[in-house]
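Report on the structure given below.
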Amino acid sequence: MPPILPPPTPCAADSTPRPAGDAVPHRNQKPPTHRQRCRITTSSSSSPLSAARVLIANDPTPRAFSALFKAASSSSPSPSLGSQLHAQAVVRGFLGDGDNTILSTAVLNFYASCREPDLARRVFDRMARRNAVTWNALIKGNHGGGCVQELGGAVHAQVVKSGLDKDPFVGASLVSMYAATGALEDVKVVFDDVDTLDPVVWSSMISAYINCKEEEAALLTFYKMLCQDIKPRQFVYSSLFAICGSMSMLEMGRQVHAHSLKNITDKDAAMTNALLTMYSDCGCIDDAWRVFESNDIVDVISYNSMILALGQHAQPKEAAELFRQMKFSGLIPDEVTLLNLLSAFNHAGLVHEGLHLFDSMLDIEGIKPTYQHYACVIDMLARSGEIEESMKTIKEMPFEAETSLWRIVLGACSKHGDIETGMKIAEMLFEMEPYEPTNYILLGNICARLGRWVEAEKVRSLMEKRGIDGDDAFSWIEMGQTTHKFGVDDRSHPISEEIYRNLDRLIGSIKAAGYVPDTNFATHSTEKDRREESLRYHCEKLAFAFGDLASPSGDTLRIMKNLRVCGDCHSAYKYFSLVTGRKIVLRDNHRFHHFYNGACSCGDYW
DNA sequence: CGGGGTTGGG
């Protein structure tokens with residue numbers, strides 16, 4: 001028999017001061033009525049452990065057990081607490097042979113939320129009767145539990161046999177179960193069989209497409225849903241905002257925002273947070289601020305999202321100020337908060353502030369640095385030129401460095417021309433992941449920056465010999481309803497000739513203003529004038545030349561690039577903003593650059 | 001007793 005619940009003395013999980021009004025029976029109190037016994041457990045769902053003590057101290061009903069399991073499932077479930085409760089219920093004979101579908105389902109659901117599919121399965125097998133809810137709980141235990149392939153299909157077959165595949169609750173669960181493993185074909189089968197007039201099934205279908213990286217299909221599903229006259233709820237809008245943000249579809253994002261204002265009256269933190277992030281991801285930090293400030297449901301994630309956004313948009317001071325405001329408002333920062341603030345300092349090269357925060361994390365904020373925090377600080381040290389210090393930190397940290405972290409340091413070596421350390425790391429990386437193109441490109445860049453063109457060429461030919469190809473660079477810009485995409489030297493655009501003419505004109509005027517092409521960034525050619533030529537038609541320059549042509553002068557241009565912006569283009573953009581008087585927001589794969597009046601918000605540190 | 005969403009960016 002498993003141990004019974006711990007005695008009601010303070011323990012690690014329950015040492016926090018008890019909030020006023022929490023249900024703790026006083027010694028001289030009358031025993032609670034049956035009604036009260038049910039209510040006690042549900043009202044103290046914020047503290048399952050203390051609720052559990054209350055329950056066991058009194059005379060619990062099966063119904064009370066159910067409520068307790070429910071409470072325990074929602075807030076970071078603890079498997080040990082669950083199994084103890086389970087044992088208590090067994091002792092009382094509540095899970096005997098009789099009809100106890102409701103309590104059994106509650107137990108089942110508890111194990112499911114703890115990701116204990118085996119235990120869940122055992123409870124399920126012992127149940128005398130099963131209904132849609134039971135099946136649903138079992139399915140929930142399957143995805144995320146890691147045994148989906150083996151069990152998922154079998155469960156699905158059983159569900160079909162019992163005729164419950166029409167049930168929208170079960171359908172929604174099955175959809176997300178299959179989506180978790182990327183089994184889109186199975187998702188579609190479930191979706192077609194289920195009663196699709198249910199809004200949640202549509203919602204889970206949209207999420208399924210997002211999980212499987214089919215963003216367009218997700219949007220299409222949204223349209224189909226509207227055509228069926230189904231009113232979207234907050235869940236759907238948060239998914240859509242996430243899509244629009246990740247794809248930088250500002251126009252679409254604004255439309256979905258307007259749509260949500262018409263359809264959603266009650267506020268919802270998750271939806272608003274997604275909206276905030278959408279505007280930030282589309283380069284509109286001001287709109288993100290507006291959403292944040294007009295939001296009266298502000299939670300930790302709201303602050304985290306806004307601090308992240310400010311960091312990405314090169315506003316570390318504002319991020320730090322918001323962090324203070326967050327603590328002042330009584331919200332407790334979590335590890336993501338600290339990570340986002342650290343990364344805000346990192347983006348801006350505020351090494352001193354970053355190190356100070358990192359060193360005081362545990363003592364002042366009570367948060368133990370995770371691997372991510374270390375990686376951020378190591379990135380910060382390396383990029384600011386403290387490569388030795390960053391190597392030391394890697395050795396000292398209580399985690400094993402992953403290849404992505406080594407790659408960051410390699411990038412820093414390239415930036416600071418540390419060829420020795422760079423070579424060492426590159427060799428190690430070639431061993432660990434011989435087919436990762438970035439490693440070759442970074443090492444090639446180190447050689448190129450030091451003018452060692454022969455060695456740079458060697459790295460390139462090695463890449464070719466191994467059949468490795470880097471990602472093609474491309475940039476895109478939204479104009480009204482259309483997205484215009486440009487590759488390097490791309491001439492496929494319908495008005496390509498005009499674009500090239502405009503770019504030549506622009507380059508002429510920025511050269512007159514003092515722009516000098518930085519040929520260090522042209523690694524594809526060894527002769528100097530060929531190198532300059534190869535820089536001239538980089539995709540981000542083409543995108544700007546097009547945007548400048550296609551929009552009224554003075555408009556802000558928002559341009560995206562799939563890779564990190566090249567140094568020469570960064571310099572050219574500063575001059576572009578000077579000679580055209582435009583504001584330019586450039587999003588690369590890492591952060592945002594705001595160009596205005598000849599300068600960039602990143603202060604040339606990136 | 002039940003289903004769907006948001007932050008950390010690779």
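Only this structure's heavy atoms are used, side chains among them; waters, hydrogens and symmetry mates stay out. By convention in this document, chain letters (A, B, ...) are assigned in the order of the sequence lines, proteins followed by strands, and residues within each chain are numbered from 1.
Comparing atom distances between the A:V200 side chain and each of B:dC1, B:dG3, B:dT7 picks out B:dG3 as nearest. Which of B:dG3, B:dG5, B:dC1 sits closest to the side chain of A:P168 comes down to B:dG3. Taking only side-chain atoms of A:R233, from C-beta outward, the nucleotide of B:dG4, B:dT6, B:dG8 with the closest atom is B:dG4. When distances are taken from the side chain of A:I102 to each of B:dC1, B:dG5, B:dT7, the shortest belongs to B:dC1. Side chain of A:E335, nearest nucleotide from B:dG8, B:dG4, B:dG3: B:dG8.
Using a 4.0 Å heavy-atom criterion, one finds that A:D299 contacts no nucleic acid atom at all. When heavy atoms are screened at a 4.0 angstrom cut-off, A:S204 is found touching the sugar-phosphate backbone but no base atom. Base engagement by A:I301 is indicated by at least one non-hydrogen atom pair under 4.0 Å involving a base atom. Nucleic acid contact class of A:D334 (heavy atoms, under 4.0 Å, all strands): none. Among the protein residues, A:A132 comes within range of the nucleic acid bases, having at least one heavy atom under 4.0 Å from a base atom. Residue A:S305 is in sugar-phosphate contact alone, with no base atom involved, counting any heavy-atom pair closer than 4.0 Å across all strands shown. No contact: A:P199 has no heavy atom under 4.0 Å from any strand. Among the atoms of the strands shown, base atoms are found under 4.0 Å from some heavy atom of A:M271. Within the nucleic acid shown, A:V175 has no heavy atom closer than 4.0 Å to any nucleic acid atom. Base contact: A:Q234 has a heavy atom under 4.0 Å from a base atom.
As rounded to whole Å, 15 Å separates atom P of B:dC1 from atom CG of A:L95. In this entry the distance linking CD1 of A:I307 with P of B:dT7 reads 15 Å, nearest Å. In this entry the distance linking CE of A:M205 with P of B:dG3 reads 19 Å, nearest Å. Separating the CZ atom of A:F345 from the P atom of B:dG8 is a distance of 18 Å, rounded to the nearest angstrom. Put simply, CG on A:N273 is 9 Å from P on B:dT7, counting in whole angstrom units. The separation between A:N136 atom CG and B:dG3 atom P is 6 Å, rounded to whole Å. A:L275 has its CG atom 18 Å from the P atom of B:dG5, to the nearest Å.
The aromatic rings of A:H313 and A:F592 sit parallel, their planes meeting at an angle under 30°, below the 60° perpendicular limit. In this pair, A:F430 and A:Y440 present their aromatic rings parallel. The plane angle is below 30°, not in the 30 to 60° band.
Put simply, A:R63 has a side-chain N or O that comes within less than 4.0 Å of OP1 or OP2 on B:dC1.
Remark: A:R122 does not engage A:D125 in a salt bridge, criterion side-chain N to carboxylate O under 4.0 Å. At a threshold of 4.0 Å, the pair A:K188-A:D192 does not count as salt-bridged, since none of the basic side-chain nitrogens sits closer than that to a carboxylate oxygen.
Residue-to-nucleotide contacts include no donor-acceptor pair under 3.5 Å from the side chain of A:S173 to the base of B:dG3. Residue-to-nucleotide contacts include a donor-acceptor pair under 3.5 Å from the side chain of A:D167 to the base of B:dG2. With hydrogens and angles ignored, a donor-acceptor pair closer than 3.5 Å exists between the side chain of A:D198 and the base of B:dG3. Within 3.5 Å, no donor on the side chain of A:S239 pairs with an acceptor on the base of B:dG5, nor the reverse.
The residue from A:F235, A:F191, A:Y209, A:Y223 that alone fulfils the ring pair (Phe, Tyr, Trp, His ring centres under 6.0 Å) condition with A:W202 is A:F191.
Using modelled atom types, one side-chain atom of A:R587 and one backbone atom of A:D281 make a donor-acceptor pair closer than 3.5 Å.
Cation-pi check for A:K415 over A:Y605 is met; the charged atom lies under 6.0 angstrom from the ring centroid and within 45 degrees of its normal.
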